[in-house]
Structure formats: structure tokens, C-alpha cells
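Written out below as C-alpha cells is the structure these notes cover.
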Amino acid sequence: MSETPYRYTAELADHIEVAWQDRWEEEGTFEAPNPAGPWADPTGVAALGTKMIVLDMFPYPSGAGLHIGHPLGYIATDVYSRFHRMLGKNVLHALGYDAFGLPAEQYAVQTGQHPRKTTEDNIVIMKRQLRRLGLGFDNRRSYATVDEEYYRWTQWIFVQIFNSWYDVSAVRPDGGLGRARPIADLRAELEAGTRPVEGDRPWAQLTEVERAAVVDSYRLAYTAEAPVNWCPGLGTVLSNEEVTNEGRSERGNFPVYRRNLRQWMMRITAYADRLADDLDRVDWPEKVKTMQRNWIGRSSGARVDFVAETALPTFAPVVLPVFTTRPDTLFGATFFVLAPEHPDVPTLVPAAWPEGTPAAWTGGHATPAAAVAAYQRSASRKSEVERQMETKDKTGVFTGGYVVNPVNGAKLPVFIADYVLMGYGTGAIMAVPGGDQRDFDFARQFELPVVFTVQPPPGHPQDQAYAGEGPAINSANDELSLDGLGVADAKAAMIAWLEAKGLGAGSVNYKLRDWLFSRQRYWGEPFPVVFDEDGVAHAVPESMLPVALPDVPDYAPKTYDPEDAASAPEPPLSRVPEWVEVDLDLGDGRGVRRYRRETNTMPNWAGSCWYYLRYLDPANHETFCDPENERYWLGPQAATVAGAPAGVRDPGGVDLYVGGVEHAVLHLLYARFWHKVLFDLGQVCSEEPFRTYFSQGYIQAPAYTDARGQYVEASEVVEHPGAHGQEPTFTWNGEPVTREFGKVGKSLKNMISPDDMYQSYGADTLRLYEMSMGPLELSKPWDTRSVVGSVRFLQRLWRNVVDETTGECTVADVEPDTATRTLLHRTVAGVREDYESLRFNTAVAKLIELNNALTKLPAVPREVVEPLVVMLAPVAPHIAEELWARLGHEGGITYVPFPVADPAYLVDDTVTCVIQVKGKVRDRVEVPADITEADLRELVLAREKVLALTEAGVRTVIVRPPSLVNVVPM
RNA sequence: GCGGGUGUGGUGGAACUGGUAGACACGCAGGAUUUAGGUUCCUGUGCCUCGGCGUGCGGGUUCGAGUCCCGCCUCCCGCACCA
């Protein structure tokens with residue numbers, strides 16, 4: 001038997017922690033009352049203060065288990081949530097599982113088990129690991145995206161989107177233009193003729209199939225035959241967001257090819273403006289806002305129509321519109337470029353080269369057709385990487401055709417070149433070498449004329465375009481003169497002229513493309529869509545949801561040689577004919593008919609697009625979320641976030657969302673889009689899902705490489721301290737190895753599991769260490785050795801309350817001295833502020849200081865240690881609960897009010913005044929806090945050290961009572 | 001190339017609106033307790049020649065600069081022929 005059986009050891013911590021975790025679970029400590037829905041508890045809501053919803057990024061239940069980096073964000077949100085419970089708020093903090101998707105399916109294929117089995121097993125493991133960390137989630141609100149009751153509503157939301165269209169002229173509640181409306185409204189307008197049908201035949205003359213096609217072309221979820229990212233190595237298509245700049249899949253790093261395939265698309269582009277504008281109303285890191293703005297890529301300018309001199313006989317002239325951000329430079333357009341894949345290229349190509357075509361323009365080919373074909377072939381063979389390698393060298397070839405510059409009638413030669421991208425703007429540009437460096441480079445290559453339309457400043461280099469500010473030159477025709485105008489005025493004048501002449505219009509262009517929403521995968525939500533004999537898509541009626549994912553004999557996708565660009569996707573669901581072919585009565589009056597189910601599945605982003613809404617009302621079987629619950633938890637707040645423009649309305653949304661920056665574009669953009677559609681349809685009253693978003697840093701861990709550059713098992717590496725001031729060295733099996741820092745995981749062989757940490761130290765120590773490593777937003781290196789600092793603190797605190805030998809509470813009911821009491825109140829004030837602003841590292845430092853001060857006292861005063869325990873509770877809840885109980889309190893610490901500082905103690909009676917001479921600290925003196933400027937000045941000037949340093953006399957004295965005096969000698 | 005961030009002891013990091021640089025912790029050194037060990041306790045610890053020097057580098061503003069201004073550099077992240 002040890003002499004100190006009540007010592008705070010790992011064993012004792014384990015015992016305490018598990019006991020409190022059991023009690024929290026039994027008592028439902030973290031269950032937050034809802035105002036409405038199946039759990040309606042208005043009394044419970046009224047008993048608490050304001051609401052606070054805290055959100056973590058939706059985790060994927062990995063088969064490898066957690067490492068110490070995973071819980072960082074969860075611990076931070078748990079500390080924040082627990083702090084706010086102590087402020088009396090109704091705090092909702094829940095965690096579910098994003099269990100559909102590619103990684104789950106790949107893991108299942110690897111292990112030869114059904115993905116449902118592997119994901120469910122993984123969830124059990126992850127839940128156990130998270131529970132052991134003492135995370136205070138409302139466990140009633142947990143679910144997984146693979147639950148039928150959850151994806152039923154994912155499908156339901158899809159149906160809402162499918163049954164909507166974007167009316168650009170509809171007025172929103174905020175007065176803006178454009179919102180989603182039910183497709184039934186559109187059909188009524190088309191039938192009534194108040195909305196004309198595109199094309200030459202009116203609605204009444206169309207067949208039902210044709211009418212369906214018209215309506216489908218408006219839907220927010222639609223199928224389209226479009227160039228998509230086909231990834232043979234994964235056997236599926238991918239969204240633009242899932243393809244890297246190198247033209248490979250983000251997952252797996254397989255080559256991705258552009259293929260024309262019929263796929264489901266989401267009309268996210270309809271929301272481009274709102275997605276960009278509404279970033280002003282949320283409190284997010286500027287970096288993430290910038291990333292989203294760049295991805296949306298809004299730029300304003302003008303559309304200008306160029307008429308082609310076509311080679312082929314046509315009835316109507318071929319019009320080639322371009323998008324330009326610099327319509328003011330139109331007079332400087334000296335040539336015209338199309339993307340190699342531009343569909344109008346063939347209409348421009350004549351049988352023979354025009355008279356006087358320079359040899360350099362022909363690419364050495366005898367005819368334009370041959371030159372164009374050859375260039376198109378070589379361009380299509382080039383990968384994205386190769387295209388980027390040669391950004392400086394412009395290539396291209398003359399088509400033999402011309403267009404007319406609408407401002408001056410000039411005949412501009414038309415080239416095709418791969419520096420013009422089919423995917424942006426119209427795939428055609430007017431080339432202004434005087435104002436655009438890329439055009440300038442091309443012009444030099446092909447000896448094309450350069451006209452400056454903005455006066456460059458003196459000394460502007462001859463071999464460069466000028467894109468800056470300046471007066472317009474060379475820009476006049478009979479009706480219009482821009483000469484002398486600044487760039488902004490010239491743009492406006494040109495746009496006005498183009499619009500008046502019907503040659504173009506001001507316009508806004510976006511980089512954002514519609515969202516490719518279907519995957520040829522098994523492990524995803526089935527689309528709630530069936531096709532009739534005519535191939536027309538119908539939404540499955542609500543009463544038939546969910547469309548359950550059937551069991552299939554083989555859930556592995558058909559993958560191909562990663563380089564086999566000509567292969568075609570084959571969805572696993574298409575191998576289950578008895579599921580695909582169904583007889584249904586859709587309730588549309590057509591009776592029972594034979595339908596074919598959609599065999600694609602949704603991407604894994606679907607489930608994470610609305611999961612935060614389901615936390616609000618997870619047991620609701622009538623709707624995805626009771627509107628009253630949504631209004632309570634997410635509704636717009638009275639005050640806008642800091643930095644929002646004056647006069648805007650608060651968008652609402654979760655009060656704090658913490659997560660890594662890797663989802664800055666994908667998930668955060670998709671979820672915002674769905675939320676805005678639901679807002680337009682009146683399903684939610686908040687306009688944004690995430691009002692405040694905090695981007696956390698990562699925990700990095702040391703990894704070691706041997707002489708061959710191979711990673712070695714980090715836990716087996718021995719450190720040898722360096723000589724004074726020298727770097728330490730490391731060996732593995734006696735061989736020297738090199739240390740680096742990188743992400744934790746199998747690939748770097750530096751896995752550190754939270755299980756090991758709480759076995760060696762306890763969960764409270766792990767939580768405390770992770771919170772005190774540094775600012776949450778920074779990436780920090782893990783150092784297992786440093787963890788002892790955190791456990792020592794908890795041990796010192798424990799000893800301040802509990803006798804290690806007898807287990808008795810040693811706290812004394814004595815008056816603390818003034819210094820201790822002052823320190824307490826300062827700590828309270830500081831820790832409150834730190835918790836509020838997520839500065840957990842400095843909060844912990846302040847708690848350690850207070851505890852260290854108590855250690856030095858002959859007896860620990862209850863009046864000080866009790867608030868210390870309460871303040872520690874958010875970070876180290878188990879030890880705080882235990883000490884709180886040992887201090888004689890019942891009922892748990894979770895809802896004990898957070899201490900409030902007495903302002904009287906925040907001001908000292910006496911202050912250490914710093915005495916500087918010429919800005920350097922030379923002396924210090926204790927002075928009354930309320931000392932007057934004159935008294936302080938007199939006191940300081942009489943100090944011995946000051947007199948010694950100011951023998952030549954005093955020039956000035958700066959007095960900042962009571963803390964600082966600076967004497968400037970002659 | 002464009003945009004954003006970062007740079008402080010041997011290490012992770014503190015420092016509110018310009019006002020005692022290095023809180024807190026690791027490590028290290030010395031000591032204590034212990035048969036021993038350390039996940040124990042105490043003390044010390046920015047650097048160098050007691051007077052100085054010190055917040056990436058060079059200037060500037062100020063009585064006073066890690067903090068403000070100008071010019072560079074480093075590393076990290078994002079975007080990248082976006083018309």
C-alpha cells in the first residue's frame with residue numbers, strides 16, 4: 001500500500017473520470033431543452049438564459065481511430081460550451097457522423113466487409129474514444145448520415161431543390177432581387193403565357209415531354225450532358241472542387257479527364273452573388289472569406305458581340321460574344337482568340353489561307369483546316385500541368401477567319417490558342433495587347449500590332465502591356481470619344497454606347513460553375529428520382545421517402561486503369577435490376593406506371609450540407625426540423641457581427657463553428673447554398689448556416705527519417721540532448737535519424753493516440769495540455785514530454801484541496817490576505833475574457849498562476865480555491881467535479897455560475913511605478929494608486945538614482961500616473 | 001506572378017488602445033525527499049567581459065516602439081494564362 005493513496009495519479013484520474021462520465025450520462029447533464037418539436041420543453045428553455053449553439057465539423061468515422069490531433073477542436077468547443085453553461089445559457093453541442101462517401105466505401109472494400117458494418121463499427125470506436133475525453137455532447141442528438149431517418153430528409157431536401165427554380169426578378173424579403181420559387185409557380189406562368197417559352201413554339205403547342213424539358217431547364221437540380229471530371233481510377237465523376245490544380249483527384253491522386261456525360265447538377269451559380277455578398281455579414285476569418293470570393297470569382301465588365309466573317313454559308317451572321325473587364329480598351333483590340341474547343345471554330349475556317357497570311361500564323365500547314373485540326377489535337381492532349389508549365393510561351397494558330405471590331409469596323413484575325421479557356425467567360429476574347437500582358441506576349445509571338453488605349457506613365461517599359469490607370473488615348477470613332485477619360489469613366493461611357501447600339505451590355509461573370517452532384521458509387525444517398533418511359537425525371541413523392549439504399553451483391557465500384565480516359569462509369573446500383581425497375585403510382589393522376597430509378601448516388605457533401613439543422617430536432621419525424629426550433633437556435637440576432645456593413649440584417653446561423661481550413665471552399669460553400677435555398681422556400685428563417693466560424697490550427701508531431709529518407713517509428717526514436725546551445729540529435733536502433741514535423745498519422749509513422757495519453761495521464765491532463773499549447777488558430781508541434789507540465793498543475797491543485805495521505809479536504813475557512821484576494825479577482829476577470837475569445841492558453845496560464853500562489857500559503861482559503869475549481873471546470877471537468885464534491889457541494893459543477901470579479905479588487909491600492917530615464921528603466925517605487933501627477937513627479941525627481949543620472953538638469957518629465965514616469969535629462 | 005499570414009530565449013508560446021519584453025509551461029542547472037526511481041518538491045535560468053546588448057534585417061516617427069510608418073528578407077498558406 002502506497003503512503004499516498006489519495007495522490008492524483010493516472011489511476012486515480014482514470015477512476016474519477018470514468019465515474020463522472022457515467023454520472024453525466026445517467027443524469028443527461030448536457031441535454032439542451034428545445035422550445036418545440038417532439039422534445040418540446042418550453043419551461044426548461046425559459047429557465048435558462050439566451051441560447052448558444054456550438055458546432056464542430058461533421059466527422060467521418062475513420063477506421064484508423066483517433067489521433068491526438070482530432071479532438072483538438074472538439075475540446076475547444078467543449079470548453080467554450082461548458083463555460084457558457086456556467087454563464088447560464090442554453091447550450092446546444094452535439095456531434096453526429098458523416099458516414100457515407102468514398103473513404104467509407106474504400107475502407108469497406110479493403111476490409112471485405114459491407115460499408116454499413118464498417119462504418120457502424122467505426123462509429124462505436126469513435127464514440128467510446130470521445131466519451132472517454134469527457135466531451136459534453138447532447139448524446140440524444142447524435143445520428144449518422146447513413147441512418148434511414150436522416151437520409152430520408154436529405155432526400156426530402158433534394159426534392160425541394162429539384163422542385164424549385166431561380167426567379168432572378170423575384171423580390172426577396174430584404175429587398176434584393178432573385179430567389180428560389182416552387183416549380184409549380186413556374187409551370188403556372190408558362191401555362192398562362194405570362195412567361196414566354198424559349199424557342200419558336202408556344203407552350204400550348206408543346207408535347208408533355210417537351211414541356212417537361214422546358215420546366216427541367218429551370219430547375220435548381222437538373223440533369224445535363226456536360227463536360228465533367230471523369231476519374232477512371234475511382235470509377236466515378238467528381239465535382240470541380242474535388243479536382244486539384246494538377247488535374248487529378250483530390251482523393252487518391254488519380255488522373256481526371258474531361259468527358260461529356262449526363263449528370264445531375266445543382267444550380268449553385270444562381271446564388272453566386274448572394275454567396276459572395278453575404279460573406280460581409282458573417283464573422284469568419286478573412287482568409288476563408290477570400291478563398292470563397294476567389295472561388296466564386298465574380299468580376300464585372302461587359303459582354304461585347306463580335307460578328308464573324310464566316311467561311312461557311314449561313315443564314316444568320318455568326319455572333320461571337322466575349323466577356324471583358326476592360327470594355328474601355330475596345331479600340332485597342334487588334335486580334336481575336338477562341339479557345340481551341342470553341343464550338344464556332346469550324347464556321348470560321350476557310351478552305352484556303354487568305355491572301356498575305358504570314359507563314360508564322362499557319363503553323364506550317366497548307367490549309368487552315370489542317371492547322372486548326374493539328375492545334376486542337378495537340379491542345380487536347382496536353383494535361384493541365386503541361387499547360388501551366390509553359391505559361392510564358394504563347395502558342396496558337398490562325399483560323400483563317402476574321403471578326404469585325406464593333407467600335408471601328410477593323411477586321412481582326414481570329415486565332416485559336418490554349419491560353420484562352422473554354423471554361424471561363426464565353427471561351428472567346430478580344431485581344432488587347434496594349435492593355436493585357438498575355439495578349440501582349442501573344443502579339444509579340446505572332447507579330448501582331450499593339451495599340452495603347454491608356455496613356456502609360458513616362459518610363460513605362462517598351463516590352464510590357466500597360467494595365468494601370470491613366471487617360472484614354474486612341475479611342476474615338478464618329479459617335480464616341482473616350483480620349484482623356486479615366487479608366488472608370490471610359491468603361492462606363494463604352495458600356496453606355498454598346499448598350500445604346502445593341503452591340504453589348506454591362507455584365508458580370510463568375511468563375512463558379514454549377515455543382516456536379518452525382519457519383520457512380522454505392523455508399524451514398526440514392527436520388528429520390530425515377531424516370532418514366534419517355535426519360536422524364538419525376539421526384540419520388542414525400543410519402544415514399546426514404547428511397548432506401550438496397551443491398552447489392554457487389555458494392556465495389558467498377559474502376560478502370562487510371563489512364564483509361566475512354567472508359568465509362570457504371571454505377572453499382574445499376575447492377576440490381578429488381579431495384580431499378582419499379583411500378584409506382586406517383587400520385588400525379590397517371591396511375592401505376594413502370595419507372596426506372598436513378599442509379600447514381602449523391603456525393604458525400606450532401607449529408608454535411610444540412611447536418612447542423614438536424615441537431616436542432618433529431619427526433620422529429622414530421623419535418624426535418626421544427627420551424628420554431630430553427631428560429632430559436634439559428635434565427636437572426638438583434639446585433640450584427642463585428643465588421644458587418646452598416647444597415648444590414650443579421651443572417652443568423654450557429655454561434656460558433658470550429659474546424660480546419662480544408663473545408664473552406666467545398667463544404668462551407670455547398671452548405672451555404674443549400675441553406676439559402678431553404679431560406680428562399682421559407683423552410684428556415686436564417687440566411688446563413690454559420691454565423692461565426694473559427695479556423696483552428698493543426699497539431700503537428702515529430703516524424704523521423706533514416707539515411708534513406710524512409711520514415712521510422714517515431715515512438716522508438718531516442719533523443720540525445722545537444723551540448724549547450726546545440727540542437728539535440730536522434731537515433732533509431734542506434735542509427736542517426738533526422739527530425740521533421742508533419743501531420744500525425746500512419747504515413748509519417750508518428751501516430752499518437754488519445755487512448756495512450758489518457759492511460760498515462762488522464763483525459764483532463766490531455767485536455768489541459770491541448771488547450772495550453774498555444775493559440776487555437778495556430779498549428780503547433782506536439783511534445784509528449786511537455787504533457788507533464790499539465791499533470792503537475794493538476795496535482796498541485798489536488799494537493800491544495802486534498803490530503804494525499806488521508807484523503808481529507810484540507811481547505812481552510814480563513815480570510816485570504818489582500819494580495820491573494822486581489823489576484824483571485826484579477827484571475828476571474830482575465831479568465832472570463834480569455835474563455836470568451838477562445839484564448840484558452842492564456843486562461844490556463846492565469847489559473848496556474850493563481851494555483852501557484854495558493855501553494856505558497858500556509859492554508860488554502862476556501863474563498864479562493866472554490867472559484868479556482870469552478871474556473872478550471874470547462875478545461876478539466878472531471879477533476880473539477882471531484883474537487884467540487886470534496887469541497888462539500890452536491891449537484892455537480894456543470895451549471896454552477898461562473899465567478900464574477902469584484903471591480904474593487906481590480907484596482908490595487910498601491911502600484912509599482914516604473915521610473916525611466918531617457919526611456920530606459922532605472923528605478924521602481926511603490927506609490928498609492930490614486931497619486932496625483934504633481935506628487936508623483938516630485939517624488940520621482942527626488943529619487944537618488946534619478947538625481948545621479950540628471951546632474952546636468954532635467955529637460956522634460958513625462959508623468960503617466962500612477963504607473964510610469966520618464967525623465968529626460970538635458 | 002497575385003493575395004493573405006508569420007518571424008520574440010535552447011523549445012511551445014505571453015505582452016490590453018505605444019509605457020517594466022520573455023507571463024505560463026517544457027528543457028536545462030543546483031538543491032531537497034527517497035534504498036532507488038520520477039508523472040515529487042524547492043531555487044535558479046534571454047545573451048555577453050556589472051556595464052551594456054537584445055523581439056527577422058535596414059531606416060524613420062516618439063520622452064518611450066515587439067507594437068506605428070517606409071524599404072527589404074524568411075518561411076507557411078491560398079489562387080494562378082480568370083480575359
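Here is how names work: the chains are called A, B, and so on, in the same order as the sequence lines, proteins then strands, and each is numbered from 1.
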Aromatic ring pairing A:Tyr424/A:Phe323, orientation class (parallel under 30°, perpendicular over 60°, tilted between) | perpendicular

Could you state the atom-to-atom distance from CG of A:Asp764 to P of B:U39 in whole Å?
-> 20 Å

A:Leu768 side chain reached by A:Phe793 side chain, heavy atoms, under 4.5 Å = yes

Does any N or O donor sit under 3.5 Å from an N or O acceptor when you compare the side chain of A:Lys846 with the base of B:C24?
-> no

Across the strands shown, which category fits A:Arg839 at heavy-atom distances under 4.0 angstrom: base, sugar-phosphate, nothing?
-> nothing

What does A:Ser760 touch in the nucleic acid at a heavy-atom separation under 4.0 angstrom: a base, only the sugar-phosphate, or nothing?
-> base

A:Lys780 NZ to B:U8 P, in whole Å, measures 16 Å

Could you check which of B:C26, B:U43, B:A83 has an atom nearest any side-chain atom of A:Leu421?
-> B:A83

Could you measure between the two C1' atoms, the one in B:G66 and the one in B:G46, and give it in whole Å?
-> 15 Å

Rounding to the closest angstrom, what is the interatomic distance between B:A14 and B:A65 at atom P?
-> 23 Å

In whole angstroms, the gap separating C1' of B:U39 from CG of A:Leu794 amounts to 12 Å

Start at the 5' end of RNA chain B and walk down; is the nucleotide closest to A:Ile429 or to A:Leu778 reached first?
-> A:Leu778

Closest to side chain of A:Lys394, choosing from B:C24, B:C81, B:G78 = B:C81

C1' gap between B:G27 and B:G9, integer Å | 12 Å

Determine, stepwise, if the pair A:Phe415 / A:Phe446 fulfils side chain to side chain contact (heavy atoms under 4.5 Å, CB included).
-> CA-CA 10 Å; A:Phe415 291 75; A:Phe446 292 89; 4.0 Å; yes

Side-chain heavy-atom pair A:Gln464, A:Gln437 within 4.5 angstrom cut-off = yes

With a 4.0 Å cut-off on heavy atoms, is A:Ser772 in touch with a base, just the backbone sugar-phosphate, or nothing at all?
-> nothing

Do A:Tyr375 and A:Ile416 touch side chain to side chain, with heavy atoms closer than 4.5 Å?
-> yes

For A:Met771 and B:G13, what is the distance between atoms CE and C1' respectively, to the nearest whole Å?
-> 15 Å

Side-chain N,O (A:Arg293) to OP1/OP2 (B:C79) below 4.0 Å | no

Which is true for A:Thr842 with a 4.0 Å heavy-atom rule: it touches a base, it touches only sugar-phosphate, or it touches nothing?
-> sugar-phosphate

Phosphate OP1/OP2 of B:U39: any A:Tyr761 side-chain N/O under 4.0 Å | no

Quote, to the nearest angstrom, the C1' distance that separates B:C50 from B:U34.
-> 41 Å

Should the ring pair A:Phe442 and A:Tyr419 be called parallel, tilted or perpendicular, given that the plane angle runs from 0 to 90° and is split at 30 and 60?
-> tilted

Integer-rounded Å distance: B:A23 C1' and A:Ile848 CD1 | 11 Å

Atom P, compared across B:C41 and B:U33: separation rounded to whole Å | 16 Å

For the side chain of A:Glu849, starting at C-beta, report the closest nucleotide among B:A80, B:C26, B:A23.
-> B:A23

Remember a base hit wins even if backbone is also touched, and classify A:Val788 as base, sugar-phosphate or nothing at under 4.0 Å, heavy atoms.
-> sugar-phosphate

Checking all strands, does A:Arg513 fall into the base, sugar-phosphate, or nothing category for heavy-atom contacts under 4.0 angstrom?
-> nothing

Rounded to whole angstrom, note down the P distance from B:G18 over to B:U67.
-> 12 Å

Would you indicate which nucleotide in B:G12, B:A83, B:A14 comes nearest to any side-chain atom of A:Pro775?
-> B:A14

Would you mind reading off the distance between A:Asn852 atom CG and B:C26 atom P, rounded to a whole angstrom?
-> 10 Å

OP1 or OP2 of B:A83 less than 4.0 angstrom from a side-chain nitrogen or oxygen of A:Arg303, does that happen here?
-> no

Kindly say if A:Ser299 contacts the phosphate of B:A83, meaning a side-chain N or O under 4.0 Å from OP1 or OP2.
-> yes

Calculate the interatomic distance between A:Leu669 atom CG and B:G78 atom P; express it in whole Å.
-> 17 Å

Distance-only donor-acceptor check, side chains A:Thr269 and A:Asp514, under 3.5 Å | yes

Across the strands shown, which category fits A:Thr765 at heavy-atom distances under 4.0 angstrom: base, sugar-phosphate, nothing?
-> nothing

Under 3.5 Å donor-acceptor pair, A:Asn966 side-chain atoms to B:C63 base atoms | yes

Determine the Euclidean distance between corresponding C1' atoms of B:U40 and B:C76; express it in Å to zero decimal places.
-> 41 Å

Tell me which nucleotide among B:G4, B:A83, B:C42 gets nearest to the side chain of A:Thr855.
-> B:C42

Considering only atom C1', compute the distance from B:U39 to B:G22 and round it to an integer number of Å.
-> 27 Å

Between A:Arg326 and A:Thr324, is any side-chain donor less than 3.5 angstrom from a side-chain acceptor?
-> no

Among B:C81, B:C26, B:A83, the one nearest any side-chain atom of A:Arg785 is B:C26

For the pair made of CZ in A:Arg792 and C1' in B:G38, what is the distance, rounded to whole Å?
-> 9 Å

Glycosidic conformation of B:G9, taking syn as within 90° of 0 and anti otherwise | syn

Mind checking A:Asn841 for me? I need base, sugar-phosphate or nothing, with any heavy atom below 4.0 Å counting as a touch.
-> sugar-phosphate

